[in-house]
> 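Would you mind keeping the following structure in view while I ask a few things?
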Amino acid sequence: MLNIAVFGSGRGSNFQSILTAINEGTIPGAHVRCVISNNSGAGILEIARTHGLPAYHLSWKGFPSEEEFVNRLLAVLRSHDTNLIVLAGYMKLLHPRIIGAYRNCIINIHPALLPRFGGKGMYGVHVHEAVIASGTPVSGATVHIVDEVYDRGAILLQKTVTVFPGDTPATLAARVLDIEHEIYPEVIRRIARGEISAVNIPAQAALS
Ligand code: GRF
């Protein structure tokens, strides 16, 4: 069984696509157990609440030290028996203790074809601006494992879209977002089926 914790900072459309796939029964064995955001006004928290899911606003600003913030995050994750962390527009780098505790059990989606157009500063509109400026005729989306370095972990699935001559960052972002909503649920479906060996869900959790 997959017990998923979703992290996000913004509107939550990828989270919604995952939730829809789960609710339609197309990802057997997967459950979203909680949603965590660093941003109290994030749409992703609102979506979680609408669906009756635990929604946590957790920001380091609310804690006396980084250590206590990370302790709290880990406690929340453990309280939901989390065995897969899904980053869906989460704008913060995860602390190494969290990455260490969930090694090869954290995935992210990036709105371009990694390894190009990734790394620090490559988020949101900046990604699509860089793609258009490069003149490449193809962009896309990438789902990858999260490790200590931005956008570096093993690539699990990519899908391409055409970049048209008249594209603006906004039109390209919309085309990419459509395929994000296809490939993120698809990767989670494959993980739930045990088809992605790079993602290593702990055996104890698989039995629960
Ligand atoms: C997506 O474009 C995703 O690729 C990136 O952040 C954005 C999140 O959008 N990591 P949403 O909150 O899922 O709508």
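We use all heavy atoms of the structure for the numbers below, so side chains are in, but hydrogens, waters and symmetry mates are not. Just so you know, ligand 1 is whichever comes first in the structure, and atom 1 is the first atom listed for that ligand.
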> Could you list which atoms of ligand 1 come closer than 4.0 Å to a heavy atom of G12?
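Those qualifying, in numeric order: 11 (P), 12 (O), 13 (O), 14 (O).
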> Less than 3.5 Å apart, any donor N or O on the side chain of N39 or S9 sitting next to an acceptor on the other?
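There is no such pair (donor and acceptor under 3.5 Å, judged by atom type) between the side chains of N39 and S9.
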> So is there a nitrogen or oxygen of N108 less than 3.5 Å from a nitrogen or oxygen in ligand 1?
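In this structure, N108 places no N or O atom under 3.5 Å from an N or O of ligand 1.
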> Donor-acceptor pairs under 3.5 Å, side chain of residues 93-105 to any protein atom, not counting sequence neighbours: which ones?
residue : atom : partner : partner atom : Å
H95     : ND1  : R97     : N            : 3.0
R97     : NH1  : N71     : OD1          : 3.3
R97     : NH2  : N71     : OD1          : 2.6
Y102    : OH   : T82     : O            : 3.4
R103    : NH1  : E148    : OE1          : 3.1
R103    : NH1  : E148    : OE2          : 3.3
R103    : NH2  : E148    : OE2          : 2.8

> Considering only non-hydrogen protein atoms, determine which one is nearest to atom 7 (C) of ligand 1 and report residue, atom name and distance to 0.1 Å.
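Its nearest protein heavy-atom neighbour is G89 CA, 4.2 Å.
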> Which protein heavy atom lies closest to atom 10 (N) of ligand 1, and at what distance to 0.1 Å?
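Of the protein heavy atoms, I109 O, 2.9 Å lies nearest.
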> Taking 4.0 angstrom as the limit, do E186 and R190 come out as a salt bridge?
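So E186 pairs with R190 through a salt bridge.
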> Rest of the hydrophobic cluster containing Y123 (Ile/Leu/Val/Met/Phe/Trp/Tyr, side-chain heavy atoms under 4.5 Å)?
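Its cluster mates, by chain and number, are M91.
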> Is the closest basic N to carboxylate O distance between D81 and R33 below 4.0 Å?
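Looking at D81 and R33, the cut-off is not met.
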> Among all protein heavy atoms, pick the one closest to atom 9 (O) of ligand 1 and tell me residue, atom and distance.
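For atom 9 (O) of ligand 1, the nearest protein heavy atom is R11 NH2, 3.4 Å.
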> Out of all atoms in ligand 1, which are within 4.0 Å of some heavy atom of E180? Include the element for each.
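This gives 1 (C), 2 (O), 3 (C), 4 (O) as the contact atoms.
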